[in-house]
Novice: 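Right, I'll just put the structure down here and ask away after.
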Amino acid sequence: MSKEITTREADYSQWYNDLVIKGELADHSSVRGCMVIKPYGYALWENMRDQLDKMFKATGHVNAYFPLFVPKSLFEAEEKNAEGFAKECAVVTHYRLKNDPNNKGKLIVDPEAKLEEELVIRPTSEAIIWNTYKGWIQSYRDLPLLINQWANVVRWEMRTRLFLRTAEFLWQEGHTAHATKEEAIEETTKMLDVYAEFVEHYMAVPVIKGVKTPNERFAGAEDTYCIEALMQDGKALQAGTSHFLGQNFAKAFDVQFLNKENKKEFVWATSWGVSTRLIGALIMAHSDDQGLIMPPRIAPLQVVIVPIYKGEESKPIIDDKVALLTRDLKALGISVKYDNSENARPGWKFAEYELKGVPVRVAMGLRDIENNVVELARRDTKEKSTVSFEGLALHILQLLEEIQQQIFNKALAFRNENIREANTWDEFVEILDAKAGFVSAHWDGTSETEDKIKEQTKATIRCIPLDNKQENGKCILTGNPSTQRVLFARAY
RNA sequence: CGGGAUGUAGCGUAGCCCGGUUAUCGCGCCUGGUUUGGGACCAGGAGGUCGCAAGUUCGAAUCUUGCCAUCCCGACCA
């Protein structure tokens with residue numbers, strides 16, 4: 001029983017790590033801050049990626065691929081962006097190794113092979129992409145340009161955590177160019193909606209759509225929109241961002257187009273991204289002390305069938321019956337695995353698939369076959385039921401849908417219970433310390449106040465919700481007048 | 001990068017303070033058999049540069065120094 005996992009209560013961080021590693025999503029690698037995404041974890045990412053990709057294409061985007069390396073001179077062109085990422089850039093300075101004359105069998109960097117210009121490994125691709133767009137855009141007829149890329153990026157983080165913050169991570173980044181400000185803003189919010197739809201509908205994680213304060217804004221953006229999710233320990237997690245970049249990058253890279261009046265204008269830009277971090281959100285939003293809980297719509301495996309053999313002669317009987325079910329499930333587009341491996345007994349398999357979060361488990365033995373039933377177990381509630389073999393595949397299809405809903409509803413209820421209003425500083429601090437979650441409070445709108453609150457409580461303004469109601473109040477810290485509440489939380 | 005902890009077989013560990021035969025135990029793994037409705041049992045077997053590198057010593061898992069990695073708490077961040 002080396003697979004026991006730490007409980008959330010005992011050590012939330014350890015619980016999270018146990019799920020990632022023992023659930024076989026990912027592992028630490030021998031590269032500092034970088035993880036190996038294992039087949040089960042990668043299958044999850046593929047499902048997420050495929051769904052997002054469909055949604056991007058449905059909204060008119062196409063995929064392309066830009067280089068991993070960004071020449072330093074391009075990288076520094078948009079000053080705010082460069083400054084924001086400068087501290088966490090890996091930089092390639094040489095292009096060759098050679099044998100170490102003083103140490104046989106070892107290699108050293110060849111000092112003769114220094115690059116004329118250093119190459120920054122992209123922490124994000126605005127620079128290289130806008131440098132490219134300059135050559136692609138001349139006329140208003142070239143706009144809008146709606147491009148996405150699936151890529152890896154590197155951010156040299158001080159402290160890393162599996163999926164939540166790794167030095168290298170996988171993501172997608174959309175980079176669009178528009179003729180008007182209005183159209184660019186519309187694109188920004190449209191993609192935010194796509195993200196919210198994906199995260200809620202497929203990952204079953206409820207999110208709050210909002211806009212960031214200047215302090216939390218993406219370096220080089222005019223406005224950063226975000227979706228914020230709440231984890232079971234009461235900490236918030238930024239699940240995706242969509243930036244309105246104004247004309248900052250167009251000006252930095254001199255990307256202009258001729259409008260219908262034959263006048264030159266700078267184009268308007270957006271960028272938006274979600275990453276493998278979403279997997280961290282998925283884990284922390286749903287899972288329990290028995291392991292992962294995968295939402296059926298993106299689960300790497302939706303159904304597992306475990307045979308309960310009784311003697312050698314029972315095997316072909318059960319195998320044959322299972323084959324019928326497997327065929328029916330596949331016909332409905334349900335992913336299914338028949339685990340008839342002999343090296344583990346049923347109890348072990350039950351525990352294993354619970355750890356991995358497979359939504360539905362089917363157990364079938366001779367006893368069931370005699371009664372023309374199976375035992376169904378759902379991962380989210382751990383309820384078991386005995387169900388007729390007739391119409392079973394359809395029944396499972398419905399059950400998967402029900403589980404998807406149930407997981408979302410549970411996470412939504414938790415999230416909603418954990419948004420609390422604070423009207424005094426004491427109340428604010430007490431909620432953060434005793435209950436965590438989101439705290440909805442008035443803020444005077446200044447960066448100074450935001451900084452002070454962060455300093456004193458570690459809480460940041462996660463966002464100003466898009467559907468915020470306007471109400472007069474007094475800033476929680478300074479008592480200065482405020483026109484709306486904003487959402488504070490401690491965050492990942 | 002600052003503070004704290006850890007690193008012994010695939011995993012979890014004993015031994016380290018006080019250096020001394022062949023490095024302990026459990027799980028897992030392999031072979032054979034019996035099994036299978038919630039993490040099976042019996043018998044036999046394989047598996048170790050004690051994180052890496054130097055140093056002290058007749059002798060280092062154990063002492064010293066440096067490095068690497070991981071975890072926790074800060075700063076930074078998607």
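Chain naming here is simple, since letters A, B, ... match the order of the sequence lines and numbering starts at 1 in each. Note that these values count all heavy atoms, side chains included, but never hydrogens, waters or copies made by symmetry.
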Novice: Using the P atom in both, what is the distance from B:U34 to B:C52, to the nearest Å?
Specialist: 44 Å
Novice: How far, in whole Å, is B:C63 from B:G7 if one measures between their P atoms?
Specialist: 12 Å
Novice: Check the orientation of A:W150 and A:W45. Use parallel for under 30°, tilted for 30 to 60°, and perpendicular for over 60°.
Specialist: perpendicular
Novice: When you check the phosphate oxygens OP1 and OP2 of B:A40, does a side-chain N or O of A:R345 lie under 4.0 Å from one of them?
Specialist: yes
Novice: Is there a donor in the side chain of A:R122 and an acceptor in the side chain of A:T124, or the other way round, less than 3.5 Å apart?
Specialist: no
Novice: Should A:R367 be listed as having a side-chain N or O under 4.0 Å from OP1 or OP2 of B:G37?
Specialist: no
Novice: Among B:C71, B:C76, B:U36, which is the nearest nucleotide to the side chain of A:E157?
Specialist: B:C76
Novice: Identify whether the distance between the nearest side-chain nitrogen and carboxylate oxygen of A:K458 and A:D433 falls below 4.0 Å.
Specialist: no
Novice: Could you check how far OH of A:Y492 sits from P of B:C76, rounded to whole Å?
Specialist: 18 Å
Novice: Closest-nucleotide mapping onto RNA chain B: is A:Q14 or A:R155 further toward the 5' terminus? I mean the 5' end.
Specialist: A:Q14
Novice: Does A:K382 pair with A:D288 as a salt bridge, N-O distance under 4.0 Å?
Specialist: yes
Novice: Distance only, no hydrogens: is a donor on one side chain within 3.5 Å (strictly under) of an acceptor on the other, for A:T188 and A:S242?
Specialist: no
Novice: At under 4.0 Å, does any side-chain N or O of A:R159 touch on OP1 or OP2 of B:C73?
Specialist: yes
Novice: Provide, to the nearest angstrom, the distance between the CZ atom belonging to A:R32 and the P atom belonging to B:C71.
Specialist: 10 Å
Novice: Are A:R8 and A:D289 close enough for a salt bridge, meaning some N to O gap below 4.0 Å?
Specialist: yes
Novice: May I have the distance from A:M158 (atom CE) to B:C71 (atom P), rounded to whole angstrom?
Specialist: 16 Å
Novice: What contact category does A:F218 fall into here, base, sugar-phosphate, or nothing, at under 4.0 angstrom with non-hydrogen atoms?
Specialist: nothing
Novice: Parallel, tilted or perpendicular: which describes the rings of A:F244 and A:W268, with under 30° parallel and over 60° perpendicular?
Specialist: parallel
Novice: With nearest nucleotides of RNA chain B determined for A:K87 and A:R361 from heavy-atom distances, which residue corresponds to the more 5′ nucleotide?
Specialist: A:R361
Novice: Does the pair A:R361/A:E354 count as a salt bridge with the N-to-O cut at 4.0 Å?
Specialist: yes
Novice: Using a 4.0 Å heavy-atom cut-off, does A:T6 contact any base of the nucleic acid, only the sugar-phosphate backbone, or nothing at all?
Specialist: nothing
Novice: Let me know the distance between CE of A:M35 and C1' of B:U70, rounded to the nearest Å.
Specialist: 16 Å
Novice: Taking the C1' atom in each of B:G45 and B:G4, what is the distance between them to the nearest angstrom?
Specialist: 43 Å
Novice: Provide, to the nearest angstrom, the distance between the CD atom belonging to A:E354 and the P atom belonging to B:G37.
Specialist: 15 Å
Novice: For the C1' atoms, the ones on B:G48 and on B:C11, what distance do you get once it is rounded to whole angstrom?
Specialist: 15 Å
Novice: Would you measure the distance from the C1' atom in B:A69 across to the matching atom in B:G51 and give it in whole Å?
Specialist: 7 Å
Novice: What pairs of residues pass the salt bridge (charged side-chain N to carboxylate O under 4.0 Å, His left out) test when at least one of them lies in residues 337-349 of chain A, not counting sequence neighbours?
Specialist: A:K315-A:E342, A:D339-A:K349
Novice: If I pick the P atom on B:A9 and the same atom on B:G2, what distance separates them, to the nearest angstrom?
Specialist: 29 Å
Novice: In whole Å, what separates the P atom of B:G3 from that of B:G20?
Specialist: 33 Å
Novice: Just checking, any donor-acceptor pair under 3.5 angstrom between side chains of A:D18 and A:Q14?
Specialist: yes
Novice: In this structure, how many angstroms lie between the P atom of B:C30 and the CG atom of A:N343, rounded?
Specialist: 7 Å
Novice: B:G38, B:G37, B:C71: which one has an atom nearest the side-chain heavy atoms of A:A351?
Specialist: B:G38
Novice: Check whether the side chain of A:K349 and the base of B:U36 form a donor-acceptor pair under 3.5 Å.
Specialist: no
Novice: Hey, can you pull the residues of residues 453-461 of chain A with a non-hydrogen atom under 4.0 angstrom from RNA chain B?
Specialist: A:K454, A:K458
Novice: Rounded to whole angstrom units, what separation is found between the OH atom of A:Y309 and the P atom of B:G38?
Specialist: 17 Å
Novice: When only distance counts, do a donor and an acceptor, one from the side chain of A:Q290 and one from the base of B:G39, lie under 3.5 Å apart?
Specialist: no
Novice: Between A:D451 (CG) and B:A75 (P), how many Å, whole number?
Specialist: 13 Å
Novice: Look at A:K212 together with A:E228 and state whether they make a salt bridge at an N to O cut-off of under 4.0 Å.
Specialist: yes
Novice: Find the runs of at least 3 consecutive base pairs, i with j, i+1 with j-1 and so on, that include RNA chain B, using Watson-Crick or G-U wobble geometry with both distances under 3.5 Å.
Specialist: B:1-7 with B:68-74, B:10-12 with B:25-27, B:29-34 with B:40-45, B:51-55 with B:63-67
Novice: Kindly indicate whether the side chain of A:K384 and the base of B:G37 share any N or O donor-acceptor pair separated by less than 3.5 Å?
Specialist: no
Novice: Regarding A:Q51 and A:Y202, is there a side-chain donor-to-acceptor distance under 3.5 Å anywhere?
Specialist: yes
Novice: Please state the C1' separation for the pair B:A53 and B:U31 - nearest whole angstrom.
Specialist: 40 Å
